[in-house]
Amino acid sequence: MHFLRTLSTLVLGLSSLVSAATYTNPIKAKDGSDPHIVYTAGYYYLMASLPEANTTTWTSLQITRATTINGLKSGETKVVYTQSSGSRSGNIWAPELHYLDNAWYIYFTAGDGKDLGTQRPHVLKGGASPWDSFSFLSTLSSAWGIDGTILRFSSWGNYFVYSCFLNGSPQSLCISKLNSPGSIGSPKLLSQPTLSWETVRNPVNEGPAAMYHGGKTYLTYSASDCWTTSYSLGLLTWNGSGDPSLAASWSKSGPLLTSANGNYGTGHNGFFQSPDGTEIWNVYHATANSAGACDGNRYTMVNKVNWNSNGTPNLGTPAKLGTSFTGPSGE
Ligand SMILES: *[C@@H]1O[C@H](CO)[C@@H](O)[C@H](O)[C@H]1NC(C)=O
Ligand SMILES: *[C@@H]1O[C@H](CO)[C@@H](O)[C@H](O)[C@H]1NC(C)=O
């Protein structure tokens, strides 16, 4: 009896060793800014803003895939988009994979590579797997816009949320109806940077990311100038009944992820599910530069989302690089 219990404890211990994959941050030590991850059909797919070798502008889109989070450090990588010239050939930022109407799409930002005023949101259309090839579908807005993401409601349909200037606003979040994967309706202002932690060096709201949990719809976003250590995540919470394209239907709180333990300017995140679908994980970037930096030295961090007793998300405190964590459930 005692022997059997010891044996079963040993077996349980071994099986948890086998099933609990561990990982350490950073997941991408360089060129890891504006990261986004999805998990589907056995693979994690990671994208980030990626300067090409020996250039200072961001000139291509790449996807890296692996079966574990730690595996992304040396995962299979391929270029899915590049242009040698033209209106969407440079400063290619903030790519995100989204599945809509039975296909994968990549929403990203690009301009002519010379003038940041030419930055626009664009979309590529792919196939049934994120590993299929992609082709250009459309430019979503004729006005300046960056960092687009998809926000979904069962009762209201899908929206495109991005960073914009509208009617004389500072750099804010705009929301538009997603009429189809390649076309959006006219924008409305969803959130403007007004609070002290949203206006350091420059007033900025950008990098929105949707999250759904416990019947609630959340939207995180990045606040303040990305060249400062105050770049951090804010939270918008939908009130559950009002028109989601109206700012009045959302309440703002934050900051909920800030610089710590040698990681500065923690922001521009995305959310993804664990392989077994039971957990939500946060992927974001930070820099080791204690003055703050908005360049290719930013690295990609991954941490599990926890929940406060009142049901709100707890994104935790970024740990020192190299700290070991248990990977997402089901790896
Ligand atoms: C980038 O520069 C390094 C050092 O100057 C050089 O060795 C390397 O071949 C260059 N890479 C590309 C892709 O041009
Ligand atoms: C949600 O926001 C709308 C404004 O868009 C308001 O009319 C409505 O009363 C709010 N509902 C709740 C439950 O707070």
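We count residues from 1, following the sequence as given. Source: prediction; values computed, not measured. In each ligand, atom 1 is the first atom listed, and ligand 1 is the first ligand listed.
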Should the pair R65 and Y43 be classed as cation-pi, given the thresholds of under 6.0 Å to the six-membered ring centre and 45° from the axis?
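Yes, a cation-pi geometry holds between R65 and Y43.
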Cation over ring, K125 on F134, under 6.0 Å and within 45°?
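Verdict for F134: no cation-pi partner in K125.
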Does a donor on one side chain and an acceptor on the other come within less than 3.5 Å for N303 and N282?
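No, N282 and N303 have no side-chain donor paired with an acceptor closer than 3.5 Å.
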Using 30° and 60° as the class boundaries, would you call the ring planes of [X] and [Y] parallel, tilted or perpendicular?
X    : Y    : value
Y39  : Y44  : perpendicular
F153 : Y159 : perpendicular
W281 : Y23  : perpendicular

What does the contact table look like for ligand 2 (nitrogen or oxygen on each side, cut-off under 3.5 Å)?
residue  : atom   : partner : partner atom : Å
ligand 2 : 2 (O)  : N239    : ND2          : 2.3
ligand 2 : 5 (O)  : S249    : OG           : 2.7
ligand 2 : 11 (N) : N239    : ND2          : 2.9
ligand 2 : 11 (N) : S241    : OG           : 3.2
ligand 2 : 14 (O) : N239    : ND2          : 3.3

